[in-house]
Q: 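Before we start, here is the structure in question, set down as structure tokens.
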Amino acid sequence: MADIDALIAQMTLEEKCTMVVGETRWVVKGCERLQIPEWCLSDGPVGVRGRATGPGLLIPSPSAVAATWDPSLVEEIGAALGVEAKDRKVDVLLAPTVNLHRSPRGGRHFESYSEDPELSSEIAVAYIRGVQSQGVGACVKHLVANDQEFERYTINVEVDERSLREIYLPPFEAAVKEAGVRSVMGAYNFVNGHHACAHPEFLVELLKNEWGFDGFVVSDWEAVKETAAPARHGLDLEMPGPGDFWGEGRLQAAVESGEVDEHLIDDKVRRIIRFLDWAGRIGTPTDHTEQHIERPEHRELARRAATESMVLLRNDRDLLPLAGDGTIALIGPGVAHTSLLGGGSASLEPHRASTVAEAMQARLGDRVIGVATGIDMRRRDLAGDLDRGVGLDEAASLAAQADTAVVVVGSSSEWESEGGDRGSIDLPNQQDELVRRVIAANPNTVVVLNCGAPMSLPWLEDVSAALLAWYPGQEAGNAITDVLVGDAEPAGRMPTTWASDERDTPAFLNYPGEAGVVRYGEGIFVGYRFYDARGVKPMIPFGHGGSYTTFDWGRPSVHGAGADLTVEIPITNTGQRLGSEVVQAYVAPVHAVVARPIKELAGFAKLALAPGETKAACIKLRDRSFARWDPEVHDWVIDPGCYSIILAASAANPRFKLNVVL
Ligand code: BGC
């Protein structure tokens, strides 16, 4: 352990001010004289971009990662990324992104986990633990309410205290308190009138004082807008370098003029050195030999993560897995140009790219009788071209010739990206019409959805089978093939509710805002909390996902005292194939004393079961599972009384209800 105070005592003001601002886009200077090396931050979250360009491991996008509902798998993913970061000589991975799925149009929807704070928290904690197990810092981002790209640098989010505490802040809180995250990124936006990178309430009072965060706060890139206020209100590092507001002597001048107290600079430097000490970097000069190593075990992990995330939306007549020796037509843009990832800072050059066409042909040989893409989903300039007669007849006639048609439709980094929200939730470039034509030509049609965010899917009721494959990362084609042919099961569940009509979505009336302000008028009623309260039936409920096998849920029991409870239920695989079941525990106050969601996810367990096997799902509940934030006392409270614990297969599929009195 370095004597951090002794190091700081030896530093000049200039040296200290140099340590709290980037030197280049990704690198921060140390203090060579005292053997504090330069260090590097890099995006995140689908891999590690590295100091220079060059290929890396590309895992599924975060909405897919959350759809695994599997923290232990996510911890493995995080550890693999920690190893990649070490190969690339990266000290901090700028991930995970834990902003919430508020509007389905959000450009970074694919880059965030879920609409639900509990699921987001558990997945984020696992990811951070994995990354940090390798001595690489994680950076949870973007604090807070950075849920849309519309006017992202300037929008002022008006959000009430209770919604912040119950919905938007918990993933950050869990990252700090449960995972010991080493850094936090401040957002571009304003929250209730204060810029998020200079927010005394969030960065100082909440994060550092109340939650006891001892890492450092980094600005989002080019987010800083002035010199003194962020320095006084909790920001520790301005990025990128050379730093428009703290770089080139500007912060030092603010200290010398008395605008910023020097002890605040000492605190920032202390936090950064504490991190470098934790990472074992003090006294270790920076090694610049960045390596691009493709590890077979990481490749296997990326493929498994993708299949574990895929959600079987429907499967009439057990069309999937594609059994026997029937012929198959591969149709749709995603067949040849399978989308691996979304756009923006969460994109990178993958070690390899696997498409559905290549993988299906390699696996099924002559059973694949042809490939017809129909239309290019990647190009924005094509909207409308279908009317002018681009290539759908060929797709429909190929579909008619095969026993089964597999249609891969979706979106791409051109549509789903940081920097802009989507203009609608429809599949781009009239792919809905393509699906309709194929369904009409062949009733045995499987639709594979290759996207990161909600789509309206007006044909969903008419298709025999539908698989949500997300942006599956570098192993996309292989993993989709694994699930289609039954080499792997579709083990994912929805991390977010999908509605067929955007007008049904919770934020619809309060998105994207006007006159520079977006008001989170739906309050705590986000996601399934809203659909429950309004009695609106969504197209695909939160937590939903089918399986190739069947499960029997045994008798549940609850043990423990007070709010420290464990709910247990035996689950048996009653089918012929291996499969995973996700047991979801929701807490519902029986007589709420104030407005509360009808039920809220409090925990979950995923069990992989061989045919005939029984295992118990154990879910732990705690104070917070029953609590609500009381804005009058500014604290969590548990109202005494009766609560139901609902064990469910999705937010719309309750199986058992147990009552407890607190
Ligand atoms: C994004 C961050 C990212 C940073 C560095 C910003 O535009 O909002 O998430 O980490 O760029 O690439």
Side-chain angles (χ1 to χ4, degrees), residues 21-28 39-54 56 58-59 61-63 65 81 84-85 88 90-102 106-113 120 124 127-128 131 136-155 157 171-172 175 181-191 195-197 199 215-225 230 235-245 341-349 413 416-421 452:
V21 59
E23 185 185 20
T24 66
R25 194 150 185 89
W26 308 112
V27 170
V28 186
W39 53 288
C40 174
L41 309 95
S42 177
D43 288 304
V46 293
V48 184
R49 282 178 146 186
R51 288 180 168 237
T53 51
L58 176 63
I59 61 158
S61 288
S63 53
V65 168
L81 296 182
E84 280 267 316
R88 312 291 293 263
V90 161
D91 302 289
V92 173
L93 182 64
L94 299 170
T97 307
V98 299
N99 299 114
L100 286 212
H101 290 169
R102 181 174 177 265
R108 299 182 87 166
H109 196 103
F110 78 91
E111 195 192 321
S112 313
Y113 290 133
S120 297
Y127 182 99
I128 294 164
V131 171
V136 171
C139 177
V140 68
K141 64 191 189 183
H142 315 79
L143 188 69
V144 61
N146 184 182
D147 310 299
Q148 66 183 45
E149 293 301 279
F150 176 79
E151 296 184 351
R152 69 169 176 161
Y153 297 111
T154 53
I155 196 92
V157 177
F172 292 96
V181 73
R182 309 308 303 192
S183 63
V184 172
M185 188 186 288
Y188 284 130
N189 48 286
F190 291 70
V191 187
H195 188 234
C197 284
H199 209 297
F216 63 89
V217 179
V218 56
S219 70
D220 201 342
W221 266 233
E222 282 117 16
V224 175
K225 295 186 188 308
L235 188 75
D236 299 310
L237 175 65
E238 183 194 7
M239 285 304 283
D244 288 345
F245 293 91
L341 78 179
S345 58
S347 63
L348 58 79
E349 183 193 339
S413 52
E416 292 183 50
S417 176
E418 174 182 342
D421 292 341

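Because only heavy atoms are used, hydrogens play no part in the values below, and waters and symmetry mates are left out as well, while side chains stay in. Numbering of ligands and ligand atoms starts at 1, following listing order.
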Q: Quick check on contacts: which atoms of ligand 1 are under 4.0 angstrom from a heavy atom of S345?
A: 1 (C), 2 (C), 3 (C), 9 (O), 12 (O)
Q: Could you tell me which atoms of ligand 1, counted from 1 in the order shown, lie closer than 4.0 angstrom to a heavy atom of D220?
A: 1 (C), 2 (C), 3 (C), 4 (C), 6 (C), 7 (O), 8 (O), 11 (O)
Q: For atom 7 (O) of ligand 1, what is the closest protein heavy atom, and at what distance to 0.1 Å?
A: E418 OE2, 2.6 Å
Q: Which of the atoms of ligand 1 are close to K141, meaning less than 4.0 Å from one of its heavy atoms?
A: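 Contacts of ligand 1 toward K141, numbered from 1: 2 (C), 3 (C), 9 (O), 10 (O).
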Q: Got the closest protein heavy atom to atom 3 (C) of ligand 1, with its distance?
A: D43 OD1, 3.3 Å
Q: Report yes or no: does a heavy atom of H142 sit under 4.0 Å from some atom of ligand 1?
A: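 It does; at least one heavy atom falls under 4.0 Å.
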Q: Using distance alone, with no hydrogens and no angle criterion, decide if S112 and R102 have a side-chain donor and acceptor under 3.5 Å apart.
A: no
Q: Consider every N or O of R108 and every N or O of ligand 1, then say whether any pair is closer than 3.5 Å.
A: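 There is such a contact, yes.
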Q: I'd like to know if the side chain of N189 and the backbone of R152 have a donor-acceptor N/O pair within less than 3.5 Å.
A: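 No, the answer is negative, given that no donor and acceptor are paired below the 3.5 Å cut-off.
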Q: Report yes or no: does E222 have a heavy atom closer than 4.0 Å to ligand 1?
A: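 Outside the 4.0 Å threshold, so no.
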Q: Can you find a heavy atom in the side chain of L81 that is under 4.5 Å from one in the side chain of Y127?
A: yes
Q: For V92, is there any backbone N or O sitting under 3.5 Å from a side-chain donor or acceptor partner on W39?
A: no
Q: Give the numbers and elements of all ligand 1 atoms closer than 4.0 Å to a heavy atom of W26.
A: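 This gives 5 (C), 12 (O) as the contact atoms.
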Q: Find all atoms of ligand 1 within a distance of less than 4.0 Å from any non-hydrogen atom belonging to L94, and give their numbers and elements.
A: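 Ligand 1 atoms under the 4.0 Å threshold to L94: 10 (O).
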Q: Please confirm whether the backbone N or O of G50 pairs with a side-chain atom of S42, one donor and one acceptor, at under 3.5 Å?
A: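 Here the side-chain-to-backbone pair exists.
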Q: Check this for me, if you would: do D43 and K141 make a salt bridge, where the nitrogen-to-carboxylate-oxygen distance has to be below 4.0 angstrom?
A: yes
Q: Answer whether the closest heavy-atom distance between the side chains of V27 and R51 falls below 4.5 Å.
A: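 V27 reaches R51 side chain to side chain.
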